[in-house]
Amino acid sequence: MRSAAARADQPYYEPPASHAPGPQEQPEPVVAPIAVEAAPPPPRKPPPFFLRRSFWGALFSTNLGKSRSRIRFIALLFSALFCVFVGRLAYLGMTPNQPSARREAAEAVSAARPDLTDRNGEVLATDVKVMSVFAEPRSIVDKDEAVEQLTAILPDLNASDLRERLGKKKGFVWVKREVTPAQQHQIFRLGLPGVGFLPEHKRVYPNGRLGAHIVGFTNADNNGLQGVEKFLDDQGLGALRASGLVVQHDLRPVALSLDMRATHAVRDELAAAMDRFHAKAAGAAILDVNTGEVVAAASLPDYDPNDPRDAQGADNFNRLTYGVFEMGSTFKALTLAMALDSGRFNLNSSISGQAPLHIGRNVIHDSHNHNRMLTLPEVFKFSSNVGTARLALTLGPDYQKAFLKKMGQLDRMRTELPESREPMQPRQAHWSQVSSATIAFGHGLAVAPLQAMMAVGALVNGGYLVTPTFLKRPADFDKTAQPRVIRAETSEALRYIMRLNAEAGTARKANIPGYFVGGKTGTAEKVFHGRYDHSKLFTTFMAVVPADQPRYLFLTVMDEPQRLPGEPYATAAYNSGYVTGRLIERISPLLGLQPRIELPAQPFPLLARMGYGFVNQPAKSGGED
Amino acid sequence: MVSRAERSPVADWWWTVDRWLLAAVGALIVCGLVLIMAGSPPVAERIGLPTFHFVNRQVELLAPSVALMIACSFLQPRHLRRGALVLYVVAMAGIFAALLFGHEVKGAKRWIFGVQPSEFLKPAFVILAAWAFSEGARRHDVPGNLLAIALLPVTIVPLVLQPDFGQTLLVCLVWGALLVMAGLHWLWFPALGGVGVVGAGLAYKFAPHVRARIQNFLNPGEGGGQADTFQVETAHDAFVSGGWFGKGPGEGTFKQILPDSHTDFIFAVTGEEFGLIFCMALVGLFAFIVLRSLIKASSNEDPFCRFATAGLAMLFGIQASINIAVNLHLMPAKGMTLPFISYGGSSLLSLGISMGFLIAVTRKRPRSEILFDHRGPPEGQAA
């Protein structure tokens, strides 16, 4: 078609013969099926091409005949482009996975962490922005000059060490972390190329030692090393950081279950008591039995999380979750609950208090012998070892083991705190009679104190096993969604006998008027060289406040408290019980518990309906330790 | 199966359509679905939407898009030209409506009623340009070339007003390539190149963000500061960390901080999660579609179909190439989506139309029909 058009045009401008070696415009064979070739040219000198109309015609028109070859040319360009892409991808594949200088820096910078607060929003841990000095050795012109000037401003830097670091072929090295604003300004004024500043986050714990074991601490790179700080890293914060993704915003504060005021009071009382009784170590905690929240906790000796070196001390471990101890007579509450819940015993049942009890070659003693039949409340009130041992033996070791398993005493308890330990228990699959008998009164099985609290909490809260937590639970937390481990009646019976024990038994020291306290002492002899040592005691005390409608469970443990002059013993009642009494008196108001002038008239309605009218009568005094 | 013996529109379609092209587009759509699942959740979570918001939207729009593609592929060239003309007018009206009434998003007025009309302008423009060039080269009684030359400013002025330099660049490149293809005298090439250089120079001079991006590309780390090289550097790290075989679907971490991981930088996310070999295969798929279309175009006897095929293939190929090149840090950052892979409702529908057009113009047609189409009775010219 083009040729047709050309033919139509040509005669006006130029004879067709002059067409010979025209440099450009040979009309190619084209789409049109009717292409006609021009006649052979007679030899005649053609004018220069720019004088020819055909040239200008071709210049200002387009030519379909060229389109095929040009499309192929464009296809060739595209092929080349795609080859470049594949080549570039292959090149990226050969590139070693080396982080860029900026990512290296981002990884080195201590990352942001969420604030930690107590349950009322008081800050326990927060980030403070500080500036750190870094260098890009590749961009530093005169290394010696840089070293000289930097060390003049930062005198505590080791000059030869710095020179060596700047000599490395790296894109990024730290010069000094956390410099003061004045130092930063001076270094800035040096105008050294390749030296810069990066904002970093320094973790600060404004409350120092308070709640230190729970909050934990971080290292210079702001990685959590202990406590909830480590927990947060394990929850994914750490993984994000490991891949170089520094999350700067969107970090909502994490509310812990702790109440700062209560925690302060606990630590204060505990420190005073440790001093008073010359104990090696001590721990105390307050557990909300309905939600499992630990509202206060202290473990002594403790550390200042602002000083990580202090925190690494071997003796500073968390005695509430990481230490495992034989809990002594507080375990009798579990044995009593097992007996009552089995259906084979009730509050009126009796068991022989005949002491000592011989099992094979082993002999079990009581501190005070009552060589008669004891009712179950009496077994608890007198803290009778032989009575509880006989209860366990009646039900059998397998039953006991299954019950303790159900109560979470035979497995490692996992809370948010990474510091936890496996309980120590007899290795046999089937416990022997003597193991069973001693475990019944808290020897031969070592658990973390908080783990024992979880079980006793279930005994008093109506029978629900709520795993303790160090994070604030939502307000609508429903304990009835948790596994039920004992019947509601058994739970009420336990509250009754703990209340009885506080009124007229071994727990009288903690019976703070107005709070309707229920409690249980526990004194375990510590094992040295495979034998129980009578002079080295581990004392525990658990108290439930108030016993009719339990809210809080108080626990105090003391490691090797000494007998005070003028007191008969160094057993639990005289130290741990004393401390717990002071804690209840001081902290209950803080936690919103008001002392009641009149004691509740019907504290145990379920039991009264079952025919145990006596439980609602005030008990007569007369217990022993 | 569709019988060859019966002549029905569906049978005609099935036996004349380029099934390889159809299969490649289908494969690309499937890849797109998988990759949007990798690329979009972090973005959705970052802006507080349900995790699979973008995936759901993409799937919802895929059905109409595929339907549009199939429907368009049934069109005869003359109907296609009319359709493109209508689409062009409607899209142009949409662009002006967006300019007047649209809300400004990231400094540009491109959206009206949640639709980006400039996306629909592109395929319509290519068809009209192909039509004008083919007519201009074929007959002298229609001022086709003048029309084709006039079409460019008419199309790009509204795009520049938005401003949308990406689409402008795309439209200019396709138009220029069509002009070259139409058999432009080679003496014009330097002039064409000169216009390109001058245009780029003007953009460099008068559009600050264009200048910043080019400077950043040439001298990374200087002047612009950290934020400006962030995307490309992160994309680079994503490819490198993925390695040959990738980290596995959902295992990518760089997508968490890559701002446009569901649109402009989805190729980098692909690299991290599915590996470089998969990326090469994806490049291969794009190359297959583009090169096969171009080869089909060069052997097509109908000038209009030849230009339209080449134009649509180039539109598709240039867009994909710019996106891939930016992801691979081979050119300055330029917001351009990866066809069928990136998230984008308007883009997906427009691609459906584009591919429908492409399949329509690559259909096998009897030579008699081609001749009839162009030199039949005078009213046939109307097309």
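Each chain gets a letter, A, B and so on, in the order its sequence line appears, and its residues count up from 1. Values reported hereafter were calculated over all heavy atoms of this structure, with side chains retained and with hydrogens, waters and symmetry mates removed.
For Leu89(A), the parts lying under 4.5 angstrom from a heavy atom of chain B are both the backbone and the side chain. Contact of Val283(B) with chain A is made through backbone and side chain together, with heavy-atom distances under 4.5 Å. Of the atoms belonging to Ile295(B), not a single heavy atom falls under 4.5 Å from chain A. Both the backbone and the side chain of Leu328(B) come within less than 4.5 Å of a heavy atom in chain A. Interface remark: Ala297(B) contributes backbone and side-chain atoms alike to the contact with chain A (heavy atom separation under 4.5 Å).
One finds the CZ atom of Phe73(A) at 12.5 Å from the CG atom of Leu294(B) (value rounded to the nearest 0.5 Å). Atom CG of Leu92(A) and atom NE2 of His236(B) lie 5.0 Å apart (nearest 0.5 Å).
The minimum heavy-atom distance between Arg72(A) and Ser298(B), with the atom names listed, is NE-OG, 3.9 Å. Minimum heavy-atom separation, Phe78(A) to Gly317(B): CE2-C, 3.6 Å. Here the closest non-hydrogen pair linking Ile71(A) and Ala310(B) is CD1-CB, 4.1 Å. Counting all heavy atoms, side chain and backbone alike, Arg70(A) lies closest to Val180(B) at NH1-O, 2.8 Å.
For OH of Tyr91(A), the number of neighbouring non-hydrogen atoms (other residues, nucleotides, ligands) closer than 6.0 Å is 12 at most.
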Using the side-chain contact (heavy atoms from CB on, under 4.5 Å) rule, take Phe239(B) and Arg88(A) through it: C-alpha gap first, then chi angles, then the decisive distance, then the call. CA-CA 11 Å; Phe239(B) 280 113; Arg88(A) 173 75 176 170; over 6 Å; no
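Between Phe82(A) and Met280(B), the closest side-chain pair of non-hydrogen atoms is not below 4.5 Å.
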